[in-house]
Colleague: 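Below is one structure. I have some questions about it.
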There are 2 protein chains.
Amino acid sequence: MQRRPQTRNTHQLQAVYQAVCQSSSHPSADEVYWHVRRNLPRISLGTVYHNLQRLVAQGKISVVLLGERTARYDPTTTAHAHFVCQQCGQVEDVFLSHTLLGIDLNVLARQGYRITAHNLLISGLCPTCGGRRSARLQ
Amino acid sequence: MQRRPQTRNTHQLQAVYQAVCQSSSHPSADEVYWHVRRNLPRISLGTVYHNLQRLVAQGKISVVLLGERTARYDPTTTAHAHFVCQQCGQVEDVFLSHTLLGIDLNVLARQGYRITAHNLLISGLCPTCGGRRSARLQ
DNA sequence: TTGCTTGCAAATTTTTTGCAAAAAC
DNA sequence: GTTTTTGCAAAAAATTTGCAAGCAA
């Protein structure tokens, strides 16, 4: 019942992985594609998608959905939340104390649910875009 | 600076709203479309999308993204989390004590962020699909 | 050599857009 | 009567799939 790794260490796979790791902006598949093309000009977008899926399946990267239609990829696989600024669109990792959230998730577990993952998306204005000052913006 | 409501109360708008409210499964636009078609056979999918956007803009329904490519619509607009069963795909509303989460969000606010919304998505196995029993499933 | 992986292109899926006709107010 | 809304179809955006050729092991 053991999963075959079935992963060949191709140049394309390495390049896709490094592109996600080097980016600090939670890149989309297309952004990874254009980044990788600088070193591997013949890589195709389909290959990028394939390798991103492979890396997600291996647990090396994670995929996050931030309220857009496009999936974004994240080299950080430990549990954390994401903040998206509604003005500049920037995405930031947020590390909250998950003990607090864990208390609530335990309530679900006691009801018979098995929790395997959770994603928290926070929207608002970052400090640069006027978060503090325009607190009454609505 | 006041926003014109500019909303005409058409049959299509009412039908779309009722379809979302009557469904307990967080329907996608396409599911709303097929439901509404039973009463309004000539409605188009584009009209369904238009009216869903209108209802979201009015705050009558909310849109949730649950890790799929398709957006889902929710008649519950108060803050709550969503549980998605990885096996049967069922979506359930989860009402956690947001005071706990609020404590952590206050940390962000103190750093200059302005929080306007947050979405929490929880994945796992529901009790029916073996949540409690297969706790060691991986 | 074996068969996973690539590149290319076409197909799919989901959502948006343009526009004339219909409906609401 | 005027302006929004509809229905239809085409376009756009994002991702998946099929397949012959290439490459890793």
Side-chain angles (χ1 to χ4, degrees), chain A residues 2-20 25-58 60-74 89 91, chain B residues 2-20 25-58 60-74 89 91:
Chain A
Q2 206 161 354
R3 236 233 239 87
R4 273 276 295 300
Q6 73 169 20
T7 288
R8 293 186 177 175
N9 208 9
T10 62
H11 295 144
Q12 289 87 345
L13 182 68
Q14 290 172 23
V16 167
Y17 181 48
Q18 287 183 15
V20 175
S25 60
H26 303 75
S28 65
D30 199 62
E31 287 165 347
V32 170
Y33 169 66
W34 285 103
H35 187 276
V36 169
R37 263 177 66 105
R38 300 201 303 230
N39 292 318
L40 297 173
R42 295 188 51 80
I43 198 171
S44 71
L45 187 54
T47 298
V48 171
Y49 273 104
H50 272 140
N51 284 321
L52 286 170
Q53 290 175 344
R54 211 165 295 161
L55 290 165
V56 170
Q58 292 173 9
K60 297 230 183 121
I61 64 174
S62 60
V63 52
V64 285
L65 285 129
L66 302 173
E68 312 154 311
R69 238 171 330 296
T70 52
R72 290 169 164 272
Y73 296 87
D74 191 339
V91 180
Chain B
Q2 206 162 355
R3 238 234 239 88
R4 274 273 297 299
Q6 71 171 19
T7 289
R8 293 185 177 176
N9 208 9
T10 63
H11 295 144
Q12 288 87 344
L13 182 69
Q14 292 173 22
V16 167
Y17 182 49
Q18 288 183 15
V20 174
S25 60
H26 304 75
S28 65
D30 199 63
E31 287 165 347
V32 170
Y33 169 66
W34 285 103
H35 186 276
V36 169
R37 263 177 67 104
R38 300 201 302 230
N39 291 318
L40 297 173
R42 293 187 51 80
I43 198 172
S44 73
L45 187 54
T47 299
V48 171
Y49 273 103
H50 272 138
N51 284 321
L52 285 170
Q53 290 174 344
R54 209 165 295 161
L55 291 165
V56 170
Q58 292 173 9
K60 297 227 182 125
I61 65 175
S62 59
V63 54
V64 284
L65 286 130
L66 302 173
E68 311 155 313
R69 237 170 331 295
T70 52
R72 290 169 165 272
Y73 297 88
D74 191 338
V91 180

Colleague: Mind checking whether B:L52 and B:V63 have side chains closer than 4.5 Å, heavy atoms only?
Modeller: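 Side-chain contact under 4.5 Å: no.
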
Colleague: Figure out the CG/C1' separation between A:L13 and C:dG7, and round it to whole Å.
Modeller: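 It works out to 16 Å between those atoms.
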
Colleague: At under 4.0 Å, does any side-chain N or O of A:Q53 touch on OP1 or OP2 of D:dT16?
Modeller: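 Answer yes for this pair, as a side-chain N or O of A:Q53 is under 4.0 Å from OP1 or OP2.
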
Colleague: Does a side-chain N or O of B:T10 approach OP1 or OP2 of D:dT6 to a distance below 4.0 Å, or not?
Modeller: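 True: B:T10 side-chain N/O within range (under 4.0 Å) of D:dT6 OP1/OP2.
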
Colleague: Nearest whole angstrom, please: distance from the C1' of C:dT5 to the CG of A:L55.
Modeller: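 Distance, rounded to whole Å: 14 Å.
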
Colleague: Is any side-chain nitrogen or oxygen of B:R69 closer than 4.0 Å to OP1 or OP2 of D:dA13?
Modeller: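 Checking D:dA13 against B:R69, no side-chain N or O comes under 4.0 Å of OP1 or OP2.
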
Colleague: Is the distance from OP1 or OP2 of C:dA24 to the nearest side-chain N or O of B:Q12 less than 4.0 Å?
Modeller: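 So the side chain of B:Q12 is outside the cut-off, no N or O lying under 4.0 Å from OP1 or OP2 of C:dA24.
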
Colleague: So which one's nearest nucleotide on DNA chain C is more toward 5', B:L45 or A:H11?
Modeller: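 Residue closer to the 5' terminus by nearest nucleotide: A:H11.
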
Colleague: Taking only the side-chain nitrogens and oxygens of B:R54, find out if one of them lies under 4.0 Å from OP1 or OP2 of D:dT6.
Modeller: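 Answer is yes, contact under 4.0 Å.
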
Colleague: To the nearest 0.5 Å, what is the distance between OG (B:S62) and NZ (B:K60)?
Modeller: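 Between B:S62 OG and B:K60 NZ, I get 14.0 Å after rounding to 0.5 Å.
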
Colleague: Given D:dT15, C:dT5, C:dG7, which nucleotide is nearest the side-chain atoms of A:T7?
Modeller: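 Closest nucleotide among those given: C:dT5.
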
Colleague: Give me the atom names and distance for the closest heavy-atom approach of A:R72 to A:H26.
Modeller: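 Smallest heavy-atom distance, with atoms named: NH1-O, 2.5 Å.
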
Colleague: Could you tell me the separation between the NE2 atom of A:H50 and the C1' atom of C:dC8, rounded to a whole number of Å?
Modeller: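 Interatomic distance, NE2 of A:H50 to C1' of C:dC8: 12 Å.
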
Colleague: Do any side-chain nitrogens or oxygens of B:Y49 fall under 4.0 Å of OP1 or OP2 in C:dT15?
Modeller: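 So the side-chain polar atoms of B:Y49 do come within 4.0 Å of the phosphate oxygens OP1 or OP2 of C:dT15, strictly under.
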
Colleague: What integer distance in Å separates B:L52:CG from D:dT6:P?
Modeller: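 Atom CG in B:L52 sits about 11 Å away from atom P in D:dT6.
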
Colleague: So how far is it from A:L13 CG to A:L55 CG, rounded to the nearest 0.5 Å?
Modeller: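 It is 5.0 Å, given to the nearest 0.5 Å.
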
Colleague: From the options D:dT15, D:dA25, C:dT6, select the nucleotide whose nearest atom is closest to the side chain of A:N51.
Modeller: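 Among D:dT15, D:dA25, C:dT6, the one nearest the side chain of A:N51 is C:dT6.
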
Colleague: Counting heavy atoms from C-beta on, name the nucleotide in C:dG7, D:dT15, C:dT15 closest to the side chain of A:A29.
Modeller: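 Per side-chain heavy atoms of A:A29, the pick is D:dT15.
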
Colleague: For A:R42 and C:dA9, give me the distance from atom CZ to atom P, rounded to whole Å.
Modeller: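 After rounding, the gap between these two atoms is 10 Å.
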
Colleague: Can you see if the side chain of B:T47 gets near the phosphate of D:dG7 - specifically, an N or O under 4.0 Å from OP1 or OP2?
Modeller: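 True: B:T47 side-chain N/O within range (under 4.0 Å) of D:dG7 OP1/OP2.
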
Colleague: Does the D:dT3 base have a donor-acceptor partner in the side chain of B:R8 within less than 3.5 Å?
Modeller: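 In this structure, the two groups form a donor-acceptor pair.
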
Colleague: Rounded to the nearest angstrom, tell me the gap between atom CG in A:L40 and atom P in D:dC23.
Modeller: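 It is 12 Å, rounded to the nearest whole Å.
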
Colleague: Given atom CG of B:D30 and atom P of C:dT15, what is their separation to the nearest angstrom?
Modeller: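 For the pair B:D30 CG and C:dT15 P, the rounded distance is 9 Å.
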
Colleague: If I compare all heavy atoms of A:H35 with all of A:A19, which pair ends up nearest, and what's the gap?
Modeller: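 Here A:H35 and A:A19 meet closest at ND1-CB, 3.6 Å.
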
Colleague: Check the distance between D:dA14's P and A:E31's CD and give it to me in whole angstrom.
Modeller: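 One finds 10 Å between P of D:dA14 and CD of A:E31, rounded.
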
